[in-house]
Each structure stands twice: as C-alpha cells, then as structure tokens.
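Keep in mind that the numbers below use all heavy atoms, side chains included, and drop hydrogens, waters and symmetry copies.
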Amino acid sequence: MSAAAQAIGSAVPGPPNFAHLRRLTTAKGVFEHCQGEVPRPEHGYCTDDVARALIVAAREPVQGRDLQRMTSGYLDFLSGAYRGGGCFVNRRDVGGRWVDDGANDDASGRAVWALGEAATRLRDAGQRTIARHLFVEACQFRSPFLRPTAYAVIGAAAITAADPSHVGAARLLAESAASTELPGDTATWPWPEPRLTYGNAVVPEMLLLLGRELRLQSFVVAGLHMLRWLVATETGPSGWLSVTPTIGWAPGEPRPAFDQQPIEIAALADASATAWSLTGDPVWAREIIRCGGWFAGMNDGQIPMVDPRNGGGFDGLTAEGRNDNRGAESTIAALTTLQWVRAAMGVVA
C-alpha cells in the first residue's frame with residue numbers, strides 16, 4: 001500500500017454506525033433535517049431519504065432485529081408513496097399525511113433503485129417478497145431526465161443480476177440503453193451535460209451497469225472512461241477529493257468550490273464499487289478508500305465530515321468549515337461510503 005493510501009486508511013472512521021439513522025427513523029419515515037444532531041419533525045419525511053435508508057439497510061451484511069424493524073418501516077413508506085405507473089410522491093408531513101400534488105422523478109427513480117437492492121439483498125424473506133412485489137409495479141417508471149433514469153437503472157440491474165429473466169427490469173434496461181448517447185473517445189468534455197451538477201458519479205455507473213447486464217462492451221468502456229475523468233476532475237492538487245459544489249461546476253470556474261455535499265462522495269464510492277466488481281482492478285478499491293478519507297478529514301476543509309459517536313454525517317463542507325447539521329441525506333451518504341470502505345480495506349495492499 002502506498003504511503004498516501006496508508007495515511008487515508010489510518011484516518012478512515014470505523015465501521016458504519018447506525019445510531020443517528022435510528023434516531024432519525026420513526027414508524028412514519030426518516031426525518032429529513034436536523035438542527036445539529038436533533039431531528040426537526042416540522043420538516044417531515046421524504047421518499048428520497050427513505051429510499052436511501054432502505055438501500056443502506058439492505059447492504060448491511062448483518063441485519064439484526066433493530067435494522068429489520070427499521071426496514072419494515074421503509075418498505076411501508078414506499079408502499080404508501082406509490083401512485084401507480086411506476087411513480088412515487090415525495091413528501092409526507094410529521095402526522096403521516098402525503099403533501100405532494102404529483103409524482104417526483106428523482107424520488108421515483110430512487111425508489112426503484114431501493115426496491116431493486118432490497119429485493120435482492122435483504123436477509124428476511126418476507127421483506128424481500130414485499131420489495132419484489134412493489135418493484136414489479138415500480139419498474140414501469142420512465143423519465144426524460146438523466147439522474148432519475150440512472151437511479152432506476154441501478155435498481156433494475158440489481159434485479160437482473162439475480163434474475164436475468166425478469167421482464168420488467170430487462171425492459172427498463174433495454175429502453176434506457178436505447179435512449180442513451182455515449183460520449184466520443186476523444187471528447188475533452190466527456191459529459192452529457194454542459195456542467196457537473198449533483199450525484200455526478202451515478203451517470204458513469206449507469207453506463208457500467210447497462211454494459212454489464214446487456215453485454216454492451218461499448219457502454220462499459222464509456223462508463224470507465226467517464227468515471228476516470230470524473231475522479232481526475234474531482235481530485236484537488238494535494239491528492240484528496242475536491243468535489244463539485246451545490247451550484248455545480250464547469251471548466252474555467254474556480255476550484256476548490258463550496259458548498260460540497262456528502263452525496264457526491266457516496267455516489268463516487270458507489271460507482272467505484274461497480275467499476276471494481278466489473279474489472280477487478282484494485283485502483284477502484286483505492287478510490288473507495290479515498291472517499292472514506294474525505295469523511296475522515298482528508299478534504300478541502302481538513303475537517304471530519306462524520307460524527308464517530310453516532311454515525312451522523314455533516315450536511316456540507318463550506319469555505320468556513322462544515323455545516324454542523326446532520327440530516328438524513330448526509331448521514332446515509334456517510335454510512336454507505338463506510339460500508340464500501342469496509343469491503344475495500346480488506347483487499348488493498
């Protein structure tokens with residue numbers, strides 16, 4: 001292991017700590033926002049965060065009674081949010097009333113993702129069955145937007161990896177591939193948008209999974225090229241990750257830039273894990289460890305972005321330091337990153 005990798009590895013927090021996520025979770029959902037580490041019930045719940053929580057719960061190798069209880073609540077929430085045709089509403093108030101007027105593409109795509117992972121990863125057979133049944137309906141989802149499509153592709157790929165004969169998942173993948181234009185090999189800006197925005201690494205991960213499941217090598221090549229480019233673009237001069245801020249980024253704009261969000265790191269960890277599983281190349285395991293290093297303080301603020309006492313993730317890295325609030329999105333981003341770090345630390349030498 002290189003000196004840099006050793007330094008990052010020694011700084012990475014311990015295994016995922018679910019204490020703060022348990023605090024955010026109620027029978028009705030996952031509180032979206034916190035003041036510091038104290039939940040703010042007045043802001044209610046959202047499908048986005050419950051889907052993220054279901055994914056991180058499904059990925060945990062030991063799903064004890066407490067985590068299974070939380071998982072049952074997440075599945076109930078998604079069942080209640082479903083409105084037919086593959087679409088989910090996003091917002092629920094603290095009393096349990098749905099307050100959206102219509103379906104939300106990002107939330108719907110994430111719900112498809114979560115149900116695909118839950119249907120294949122959950123240890124409890126009854127919970128897997130619930131997830132599978134809802135996925136059969138949810139995989140009707142289609143979106144004209146890139147990221148919701150990518151989320152749905154990840155969920156469908158989880159299903160087809162376990163059951164290649166699943167008609168609904170296979171159709172979602174095939175239609176998504178047909179509508180995807182690959183970047184040219186020589187493109188100086190190998191990105192399908194004029195600027196980087198949010199959750200960027202989900203885009204190359206979609207290409208990798210479409211390539212894997214549909215046996216389209218051109219998609220795998222394009223996905224790896226795009227992911228390498230993104231990693232290089234989001235690496236600062238000192239070698240740590242310096243990711244795209246909330247306002248986005250395009251060539252010629254200054255770096256580092258703030259407010260940096262933990263979801264960017266989690267997306268990079270997810271995509272690196274997919275690249276690692278496809279190629280077996282340990283460079284992607286080292287990228288996962290670098291993602292863990294960002295949470296440990298190897299970032300542009302040189303400050304830890306996860307609370308080791310309870311696993312709460314800080315909401316953003318600003319030019320003045322970290323945002324002390326520890327909401328659901330940032331907490332789950334830290335948890336899922338540390339889940340991948342746990343796997344990667346055992347193989348990087």
Side-chain angles (χ1 to χ4, degrees), residues 21 23-35 39-58 70-119 127 130-156 168 172 176 197-199 202 206 246 248 261-263 266-267 313 315-316 325-333 336:
L21 182 58
R23 186 178 191 182
L24 294 175
T25 299
T26 77
K28 294 186 178 72
V30 178
F31 286 128
E32 182 176 11
H33 295 298
C34 285
Q35 183 69 45
R40 300 189 67 181
E42 67 272 21
H43 292 283
Y45 316 101
C46 68
T47 298
D48 278 329
D49 288 337
V50 171
R52 293 182 181 108
L54 180 57
I55 292 167
V56 81
M70 293 160 64
T71 297
S72 291
Y74 303 153
L75 290 168
D76 286 346
F77 185 103
L78 294 182
S79 295
Y82 186 59
R83 292 297 181 270
C87 296
F88 294 74
V89 292
N90 193 36
R91 307 213 67 84
R92 192 182 200 185
D93 68 21
V94 69
R97 184 172 63 94
W98 298 98
V99 295
D100 278 3
D101 293 331
N104 178 287
D105 273 33
D106 266 19
S108 297
R110 282 198 181 95
V112 176
W113 177 1
L115 292 167
E117 295 230 20
Q127 291 179 340
I130 292 169
R132 278 199 303 269
H133 285 167
L134 188 50
F135 180 88
V136 168
E137 294 289 323
C139 69
Q140 300 173 61
F141 173 73
R142 300 292 186 275
S143 174
F145 303 112
L146 181 59
R147 279 163 186 75
T149 297
Y151 302 147
V153 162
I154 297 172
L172 190 158
S176 299
T197 57
Y198 71 99
V202 74
M206 175 185 71
T246 53
Q261 298 289 295
I263 190 176
D315 279 355
N325 298 328
R326 278 149 271 181
E329 180 185 286
S330 54
T331 293
I332 297 166
T336 196

Distance in Å, [X] [atom1] paired with [Y] [atom2], rounded so as to fall on 0.5 Å steps:
X    : Y    : atom1 : atom2 : result
L115 : S79  : CG    : OG    : 8.0 Å
S108 : R142 : OG    : CZ    : 12.5 Å
R110 : D48  : CZ    : CG    : 4.5 Å

Review point. Passes side-chain contact (heavy atoms from CB on, under 4.5 Å), D49 versus E329? Steps please.
Key: CA-CA 6 Å; D49 288 337; E329 180 185 286; 3.9 Å; yes

Within the side chain of [X], is there an N or O that forms a donor-acceptor pair under 3.5 Å with the backbone of [Y]?
X    : Y    : value
T197 : G248 : no
N325 : D315 : no
R83  : G80  : yes
T149 : S143 : yes
S330 : R326 : no
T331 : A328 : no
T336 : V56  : no
Y82  : E137 : yes

Check your understanding: So, W98 versus F77, ring centres under 6.0 angstrom or not?
Key -> yes

Exercise: identify the closest heavy-atom pair between [X] and [Y]:
X    : Y    : answer
D105 : P144 : OD2-CD, 3.8 Å
G86  : Q140 : N-CB, 4.0 Å
C139 : L172 : O-CD1, 3.5 Å
I332 : R52  : CG2-O, 3.5 Å
Q261 : G316 : NE2-CA, 3.8 Å
T47  : A111 : CG2-CB, 4.4 Å

Revision key, fill the gap. The side-chain contact (heavy atoms from CB on, under 4.5 Å) partner of T25 among Y45, F31, Y74 is Y74

Exercise for review: Only one of R40, R91, R92 passes salt bridge (Lys or Arg N to Asp or Glu O under 4.0 Å) with E32; say which it is.
Suggested key: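 The salt bridge (Lys or Arg N to Asp or Glu O under 4.0 Å) with E32 is passed solely by R91 among R40, R91, R92.
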
Practice item. Would you please say whether a donor-acceptor pair under 3.5 Å links the side chains of Q127 and S72? Key: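 Note: Q127 and S72 side chains meet the donor-acceptor criterion.
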
Review point. Between Y198 and D106, does a side-chain contact (heavy atoms from CB on, under 4.5 Å) hold up when you go through it step by step?
Key: CA-CA 12 Å; Y198 71 99; D106 266 19; 2.6 Å; yes

Point to revise | Working for side-chain contact (heavy atoms from CB on, under 4.5 Å), residues I154 and V112 | key: CA-CA 8 Å; I154 297 172; V112 176; over 6 Å; no

Check your understanding: Once the angle between the rings of Y151 and W113 is folded into 0 to 90°, is it parallel (under 30°), tilted (30 to 60°) or perpendicular (over 60°)?
Key -> parallel

